[in-house]
Every structure is written in C-alpha cells, then in structure tokens.
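For the single chain, residues carry numbers from 1 onward in sequence order.
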Amino acid sequence: SKNILVSASAGTGKTTVMVERIAKIIKEDSKITPEDILVITFSNASAKEMKNRIIDRLEEDHIDIDLNSKNISTIHAFCKRVIEDNSEYIKDLSYDFELVDSVFDKLLKNELVFNFLEPKREDKELILIEKSLSKLTSTENLLLDLYERYNPYTLSFDENKIRNLEKTVKSSLNDYFVKTLYDCFNKYQNLIDLTSNIPHPKIDNLLGKMDEEELQIKNIIDGKSFEFNGVVRFPAKSPEFDHLKDVRKKIVDKVKMMTSLNLDSEMEDIKKMKPVINYLFDLILEFSSFLENEYIKRNKLNFNMLEDIAIKILKSNKELNKKYVFIDEFQDVSNKQAYLINLLLNKNSNIFKIGDLKQSIYAFRGSDSEIFKKSMKDADVFTLNKNFRTNTNIINYVNNVFNKIEKFNYENEKLVGTLEGGIVDIYDLSLNNNEKLLKSDKDEIELENIIKVIKSEIKNGKNYGDIAILSRKLGSSSNKISKVFKEKNIPF
C-alpha cells in the first residue's frame, strides 16, 4: 500500500528484492490479474531474466498467474504494445507499423529536414539564424539537434518561459547572480578558517582585513552595495600563504565579474533576440509535427515518436492505468519516460522504483538523475548497501573514489563486501618482441601459456571455478579458447 524507492548499490540483490516484492503482492492480493501489473526494465536481457525469475519464484509457492512479456518488458516494448493495441487513437497509423533502426532514422530525418526547410529559406528570421551559425553547423543540423532536445512532456517544461523570454532570462540571471555570490561567500568563509590556522605575527591584522572583504560580499548579496574593494594583502615572502593567495584571487575575480554585469544592457540584447527565438521555437514545434506525420504516412516510427504517441494514448485512455508498477534501473529514466510512467498511475496505484545514482551513465541520451533525487521526497526510501558479490578491497577502493566526488554524498551508504581480499598473482604472458611471428601464431603461444598457468594453479590446489578469462573481444578469440579448452578437458 505504499510508493517505494529503493536506492540499491551494485551487487546488493536488487533483482531479488523486486522479485520477492512482486511475489508477495501477488500472494496477498486475491483479486489481482496480470493486467494489474507492469514491470519496466532497462534492457531486453534484463526483462527476460526478470520474467524467468518471477515465474520460478511463483512456481515455488504454487501460484498460478499468467505473467509474460506484456507485463514485463522494456519501456519501448511497452510503448510499442500500447500503440499496437490502440492504433485507432492515431489516424493513418496501422497496427503493424515498423520501428526503424537508428541508421534508417538518421537518413530519413536528414532527408525530411531539408524538405521541411526548403519553402522557408526566404524567412528573414531564418536568414538571420543562418548568418549567426558557424561554418561547421548547418540550419538542418541545428533544427535536428533542437528537435532531439525538445520535450513538451518534461515535468518542468513551460512554454510560457520561452514565450516570455525577457522575464525568464532576467529571473535566470538573478538566480545565477545570487547563487554565484553565495558560493563565493561560503568559499571566502572557508578561506578565513584556513588562514586562521597559519601561525604568523601579522595574522590578526590579515584576518581583520579578510573580515572586511567578507562583509563586502555579504552587502552585495543583500543589495546594500554593488562595489567590491580589495583590501587584503598577504604577507610578502611567506610561502605558507601562496596557495591561499590563489584561492582568494579566484573568489575575488568571480565577485568582481558579478558586480560588473550590466543586466539592463544584457536585457536589451535579449529583447532584440526575442522574435528570432520565438520563430525558432515555433519551427521546432512545426518540424516535430511534420516529422511525425511523414513517418506515419510511411507506417514507421522512431523511438522518440514511440514514447510521444504512447503518451497521447495513455492521456486519453485511463483504462490502461496499472495497479502495481515496478521500475528497474530507475536512475536511467528520462523526463519524458517519467512523465509516461506517471500517466500509468491513478489514486489507487502503487509504484516501486529501484536504482542506483552511482550507476547513472546515460545522460547523453536523455536520462536525468535529478528525477531519482526528487522521487526520494515522494516515496518511502530504503537503502540496500551490503554487497554480496565483490571482494572487500575492491569495495573499499570504489567507496574511496565516490567519497571524493562532491555530488555523491554516500557517507551512510558504504558498501560492505563479504569476501576478504587476497593477493593477486600476475603472470607475464607476453612474447619475445624480437620474434617475427604472425598474429595467429602469437595467439596460439599466448593460449598455450594460459593453459600452462591454469594447469599449474589446479596442481597447487585451486579450483577451476576460481579462474576467469577476460578476452579482448568475443567471437574468434573466445571460440578459439573454447575449442582448446574442450581438447584439454578444461571445464568452463
């Protein structure tokens, strides 16, 4: 009966936790049907694994419920199914539409953007935009790039912010101004603390001057003054202050830059740009609609449109709401996907999200880790941080890395390894560089050396299961290794 977010570090058993929760809900909700449940995973492979594990788990308890790929899939597979099952909502799109691959998508978009812009070449705003671009950027590329970024379903998206450009920019500049000065103020306070720890005969006088500069920054933040006058002079020939001088210079330069900003002058430039920005924004809206129509005419969709059209259907058909929604790898969700997921819920729905901010690596294709952070405020949050998979030495090393990154505050999320670290043996399998051998011969000799090492380790009491081979590439290399291992009776 709760919305839950689980922050689960690598190797902590998050799949097991999700499987157990699904099994528990199915056991306890006597009225549940397969249509009530939706499990969203990040890849087809994880969807397949999740489905198998859930089915196996339910069989253990002799629970008979028909869960399949309709209930457990990637978000794009779910969107595709929603469109196929409800194609009557989208005019001219047949249920057997084709989902195009990235290569075809790029080629078709390049063709269509040219056709779209051709009748607009004489628009004065477009001419102005083209003149402002560098030689390396075309109007076509600019529009395609903006189309990929444009997202009307972002929860924070507000068309009025673009239409009311001056107000938006002024507000953003003011926020930036205040935030930057507060940052300078905090850094200056830290600088004073560091300086006070250095023993020097002139330290009291120096700290007095630093207090003056600190007050000047505070007055600028409070709007009492817009001037900064440097009064601090570090003692000459005192190398212990050299680093602090550099730190102060960076802070002071930033404060002076902020106080030299002429917002009125900036706003005049923004006013001149407003018609062009509005034209460009309208162009994106028009192009987005044009592109979708052209794809539908060909009975094709790309991944972007897949999400867009699924959203249109979900907005108009509340019968597609789910009672229980489970999201795996939640840190990789984009704003648009988060919006889509919210459309699946009603007041009687419960959502279970699981993920790890430290594994958020897909920002380049739209995922936004801020969604994960915001979700922490709207759900019961649980943390899984005991690692069941990795050597303690490796865990300690990884924690050490993350603790040095400011944006990750994981003091309470130390991973705990269950294996004690041991000595790592290194064997040099390299060949004599003076020998002029064919690559195939080198691979052959290297493989012989690997087999010698394995046989030696087994003779010394190791188990085959203690050994792993990391190959440079799959395919020919691993096939060759597999073949030789079979010949030598090495289980793998």
Side-chain angles (χ1 to χ4, degrees), residues 1-5 18 21-22 25-26 29-44 46-48 50-51 54-55 65-99 151-155 157 288-289 292 295-296 299-330 332-354 366-367 371 375 378-379:
S1 62
K2 291 183 177 181
N3 294 326
I4 286 177
L5 175 70
M18 189 182 274
R21 183 167 176 82
I22 292 167
I25 283 171
I26 291 171
D29 187 342
S30 58
K31 295 179 181 177
I32 201 165
T33 67
E35 287 68 37
D36 292 329
I37 298 174
L38 178 66
V39 183
I40 297 289
T41 65
F42 192 71
S43 67
N44 289 317
S46 56
K48 187 177 178 182
M50 186 73 74
K51 186 178 78 172
I54 291 169
I55 290 168
I65 185 169
D66 184 23
L67 293 181
N68 52 44
S69 53
K70 277 193 172 185
N71 316 99
I72 307 163
S73 69
T74 66
I75 197 157
H76 288 125
F78 169 73
C79 289
K80 188 170 186 287
R81 196 166 55 252
V82 165
I83 298 168
E84 287 169 344
D85 293 346
N86 301 272
S87 57
E88 69 273 11
Y89 282 87
I90 308 300
K91 190 184 172 191
D92 299 327
L93 183 69
S94 171
Y95 74 94
D96 61 347
F97 66 89
E98 180 191 351
L99 185 60
N151 181 3
Y153 307 111
T154 303
L155 296 176
F157 181 86
S288 181
S289 177
E292 189 175 293
Y295 270 67
I296 287 173
N299 209 36
K300 299 180 190 300
L301 294 179
N302 62 24
F303 285 105
N304 203 7
M305 294 166 191
L306 204 64
E307 293 177 352
D308 289 346
I309 294 175
I311 284 170
K312 288 177 191 173
I313 293 169
L314 290 170
K315 283 174 88 170
S316 55
N317 188 353
K318 295 299 175 191
E319 290 179 16
L320 295 171
N321 287 158
K322 300 293 178 185
K323 192 172 181 182
Y324 302 105
V325 178
F326 299 83
I327 313 291
D328 194 15
E329 306 291 4
F330 185 62
D332 293 323
V333 165
S334 70
N335 275 294
K336 190 189 289 187
Q337 290 166 351
Y339 182 85
L340 187 152
I341 290 161
N342 282 330
L343 290 175
L344 291 166
L345 309 173
N346 57 39
K347 62 181 181 180
N348 299 315
S349 302
N350 293 116
I351 188 163
F352 180 88
K353 308 165 187 173
I354 195 162
S367 73
I371 299 167
S375 291
D378 306 321

- [ ] To the nearest 0.5 Å, tell me how far Tyr324 OH sits from Leu344 CG.
- [x] 15.5 Å
TODO: With sequence neighbours excluded, give me every ring-ring contact (aromatic ring centres under 6.0 Å, His included) pair touching residues 68-89.
DONE: His76-Phe303
Open item on the list: Looking at every non-hydrogen atom in both residues, tell me the closest pair between Leu301 and Leu306 and how far apart they are.
Closed with: CD1-CD1, 4.2 Å
Task: Check: Ile327 and Val39 side chains under 4.5 Å, non-hydrogen atoms - done: no
- [ ] Could you pull out the closest heavy-atom pair between Ala379 and Leu5, with the gap in Å?
- [x] CB-N, 3.9 Å
Open item on the list: Does Lys2, at its NZ atom, have more than 12 non-hydrogen atoms belonging to other residues, nucleotides or ligands within less than 6.0 Å?
Closed with: no
Task: Exercise: identify the closest heavy-atom pair between Lys70 and Leu38 - done: O-CD1, 4.1 Å
TODO: Indicate yes or no: at least one non-hydrogen side-chain atom of Val333 is less than 4.5 angstrom from one of Ser367.
DONE: no
Open item on the list: Once rounded to the nearest 0.5 Å, what's the spacing between atom CD1 of Ile72 and atom CD1 of Ile55?
Closed with: 6.0 Å
Open item on the list: Is there a side-chain contact between Met50 and Ile54 in this structure, where contact means two heavy atoms from C-beta onward sitting under 4.5 Å apart?
Closed with: yes
Task: Residues forming a salt bridge (Lys or Arg N to Asp or Glu O under 4.0 Å) with Asp328, sequence neighbours excluded - done: Lys14
TODO: Compare every heavy atom of Glu35 with every heavy atom of Asn71, then report the nearest pair and how far apart it is.
DONE: ND2-N, 4.2 Å
Open item on the list: Going by salt bridge (Lys or Arg N to Asp or Glu O under 4.0 Å), name the residues that satisfy it together with Lys31, two or more places apart in sequence or in a different chain.
Closed with: none
Task: Partners meeting ring-ring contact (aromatic ring centres under 6.0 Å, His included) with Phe42 (sequence neighbours left out) - done: Tyr362
Task: Flag, side chain of Ser349 to backbone of Lys322, donor-acceptor distance under 3.5 Å - done: yes
- [ ] Look up atom CD1 in Ile354 and atom OG1 in Thr41, then write down how far apart they are to the nearest 0.5 Å.
- [x] 13.0 Å
Open item on the list: For Asp96, give me all partners under side chain to side chain donor-acceptor pair (under 3.5 Å), at least two apart in sequence or on another chain.
Closed with: Ser94, Asn299
Task: Stepwise side chain to side chain contact (heavy atoms under 4.5 Å, CB included) check, Ile26 with Ile37 - done: CA-CA 9 Å; Ile26 291 171; Ile37 298 174; 3.7 Å; yes
TODO: For the pair Asp378 and Ser375, evaluate side-chain hydrogen bond (donor to acceptor under 3.5 Å, both in side chains) and give the outcome as yes or no after the intermediate values.
DONE: CA-CA 5 Å; Asp378 306 321; Ser375 291; 5.7 Å; no
Open item on the list: Minimum heavy-atom separation for Asn3 and Asn350, please, with both atom names.
Closed with: OD1-CA, 3.4 Å
Task: Approximate separation, where rounding is to 0.5 Å, of Leu345 CG and Ile351 CD1 - done: 5.0 Å
Open item on the list: Are the side chains of Lys323 and Asp29 in contact, using a 4.5 Å heavy-atom criterion?
Closed with: yes
Open item on the list: For a 4.5 angstrom cut-off between non-hydrogen side-chain atoms, does Phe330 reach Ile371?
Closed with: yes
TODO: For the pair Asn86 (side chain) and Val82 (backbone), establish whether a donor and an acceptor sit closer than 3.5 Å, ignoring hydrogens and angles.
DONE: yes
- [ ] Quick one: which residue pairs count as a salt bridge (charged side-chain N to carboxylate O under 4.0 Å, His left out) with a foot in residues 75-86, not counting sequence neighbours?
- [x] Lys80-Glu84
Open item on the list: Within the 4.5 Å heavy-atom criterion, are Tyr295 and Asn302 side-chain neighbours or not?
Closed with: yes
Task: Residues which pass side chain to side chain donor-acceptor pair (under 3.5 Å) with Asp36, listed by chain and number, not counting sequence neighbours - done: Thr33
Task: Under the side chain to side chain donor-acceptor pair (under 3.5 Å) test, residues paired with Glu292 that sit two or more places apart - done: Lys312
Task: Non-neighbouring partners of Ala77 that pass side chain to side chain contact (heavy atoms under 4.5 Å, CB included), sequence neighbours left out - done: Ser73, Thr74
Task: Any side-chain heavy-atom pair of Gln337 and Asp332 under 4.5 Å - done: no
TODO: Give the minimum heavy-atom separation between Ile309 and Ile296, together with the two atoms involved.
DONE: CD1-CD1, 4.2 Å
Open item on the list: I need the full list of salt bridge (charged side-chain N to carboxylate O under 4.0 Å, His left out) pairs touching residues 337-353, with sequence neighbours left out, sorted by first then second residue.
Closed with: none
Open item on the list: Could you walk me through whether Leu320 and Asn317 satisfy the side chain to side chain contact (heavy atoms under 4.5 Å, CB included) test, starting with their C-alpha distance in whole Å, then the side-chain angles of each, then the deciding distance to 0.1 Å, before giving a yes or no?
Closed with: CA-CA 6 Å; Leu320 295 171; Asn317 188 353; 3.8 Å; yes
- [ ] Only counting residues at least two apart or in another chain, list the ones meeting salt bridge (Lys or Arg N to Asp or Glu O under 4.0 Å) with Lys51.
- [x] none
Open item on the list: For the CG atom of Leu99 and the CE atom of Met305, what is their distance to the nearest 0.5 Å?
Closed with: 11.0 Å
Open item on the list: When you compare the side chain of Phe326 with that of Ile22, does any pair of heavy atoms fall below 4.5 Å?
Closed with: yes
Open item on the list: Taking side chain to side chain donor-acceptor pair (under 3.5 Å) as the definition, give me every residue that meets it alongside Lys300, ordered by chain and number, with sequence neighbours left out.
Closed with: Glu98
- [ ] Starting at CD of Glu307, measure out to OG of Ser334 and round the result to the nearest 0.5 Å.
- [x] 5.0 Å
